[in-house]
Structures are given as structure tokens and as C-alpha cells.
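One-based numbering, in listed order, for ligands and for the atoms of each.
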Amino acid sequence: MLKGILNVAHDLLEDSIEKGETTIDATCGNGNDTLFLSKVTGENGHVFAFDIQDQAIKTTNQLLKEYSRKNVTLIQDSHANISDYVAVEQQIGGAIFNLGYLPRSDKSIITRGESTITALNTILHHLKKYGLIVIVVYHGHAGGKQEKDALLKYVGSLEQKAFTVLQHGFINQQNDPPFILAIQKR
Ligand code: SAH
């Protein structure tokens, strides 16, 4: 069986993150990626998890409590402000973005190209050699196409000598299925 998008996203990160590293969930949403990163980095590792919505922070906090995970800093702020929370010298082992809106919530609160790209730029500076930023691009909602187009332009123009960029997705599915962009630092 071919693996689904979310499994592939996790596999990519699991293969590149080492225990004890610091990682970023740029859009914690319902907390599934935060929990995943918390497990992958282990008790000596750390996760900075961002979301602008109160509901997302609360749901994620609840999930982390259920699994007794203590290595996460939850931050209710835009990922455009990551540099306010992560020390200049801090190396990042990997990061994930899940774009779009929070499922079963306000569909007008969405990630946007400009802030997503600001966050990517910041994380790329901190990323370890061969580290990955994995972006799950949801783009079927209102505003999604603009963000997708901006992102593809941005990642497509990253210097080939400095970064390797992968696009992975199913190309015969209806209703604008999500796809993965992964940026690896060389
Ligand atoms: N589309 C995915 C879920 C995406 S959740 C799915 O269907 O599974 C995206 C999350 O990003 C939401 O919880 C939203 O509040 C958050 N978000 C939007 N803009 C943000 C920003 N600038 N910084 C951090 N989080 C943001």
C-alpha cells in the first residue's frame, strides 16, 4: 500500500530527527504533530508548538496531558514570530507545518503565504545540516490557492546548492488533495 500524506510526512521527519533535538510544530491545530514530535525527540528533546487559536492550544495541551508529555512549549502566537521564542544559537532538528484551517472550526482562520514564508525563512536559518522542514499543503479552501502558489514560488526559488526541495502527492484525486513539500538543508 502507498502511504497516505500524513504518514509520509511523519516518516520523513522520523528518519531525520535524532533523540534530544529541538523541533518545531508551526501549526499545532489538534496537536497530533506536536505529540508525534514530542515522542520522536524523546524526554531530552524539545518541541516548540505554535498556533494563533486558543482552541488549538487548549486541545493540544489536553492531548499532551493524556500522554504525559512534558517536553513541549506551547505558544499562542503566529509562527511569523518564531524568532521571539527560539534563541539565536538554537539548532533545530526538524519542523512541520499543517496548512489551512483547523478542522471543525472557523474556516476563515487560515494560514497565509506571507506569514508561512516568514516562518520558513526563520526556521531554515536554525535548521541542522540535512534537517527537514515538512509542509503539508492543504489548498482546497478559500485562500488556499493563493498560499499554495506563493509557497511553490518560494520553495522553487531556494538556492539549489543550499537546499533540496521535494514535492510529494497524489495527482489523480478529486477535491484538491493535500500534498507535501519538504525542504532539506544541505
Ligand atoms: N488542514 C489541516 C489542519 C490545519 S490546522 C487538516 O485538515 O488536518 C492549521 C492551524 O494553523 C490552525 O489551528 C490555525 O489556527 C493555525 N494557524 C493559522 N495561522 C497561523 C499562524 N500565522 N501561526 C500559527 N498558527 C496558525
Check: F179: what forms a ring pair (Phe, Tyr, Trp, His ring centres under 6.0 Å) with it, not counting sequence neighbours?
Finding: H139

Notebook entry, point to check: Under the 4.5 Å side-chain heavy-atom rule for ILVMFWY, direct or indirect, which residues accompany I110?
Noted result: Y101

Next item on the list: Could you tell me which non-hydrogen atom of S78 sits nearest to which non-hydrogen atom of S115, and how far apart they are?
Entry: OG-CB, 4.3 Å

Note to self: Could you check whether T27 and N98, counting side-chain N and O atoms only, form a donor-acceptor pair closer than 3.5 Å?
What the structure shows: no

Between ligand 1 and the protein, give all atom pairs where both partners are nitrogen or oxygen and the distance is under 3.5 Å, as lines of names plus distance to 0.1 Å.
from     : atom 1 : to  : atom 2 : distance (Å)
ligand 1 : 1 (N)  : L99 : O      : 2.9
ligand 1 : 13 (O) : D51 : OD1    : 3.3
ligand 1 : 13 (O) : D51 : OD2    : 2.7
ligand 1 : 15 (O) : D51 : OD1    : 2.6
ligand 1 : 15 (O) : Q53 : NE2    : 2.9
ligand 1 : 22 (N) : S78 : OG     : 3.0
ligand 1 : 22 (N) : H79 : NE2    : 3.4
ligand 1 : 23 (N) : H79 : N      : 2.9
ligand 1 : 23 (N) : H79 : ND1    : 3.2

Check: Which residues satisfy the side-chain hydrogen bond (donor to acceptor under 3.5 Å, both in side chains) test with Q55, sequence neighbours excluded?
Finding: S105

Note to self: With clusters defined by side-chain heavy atoms of hydrophobic residues (ILVMFWY) lying less than 4.5 Å apart, directly or transitively, does V8 cluster with F97?
What the structure shows: no

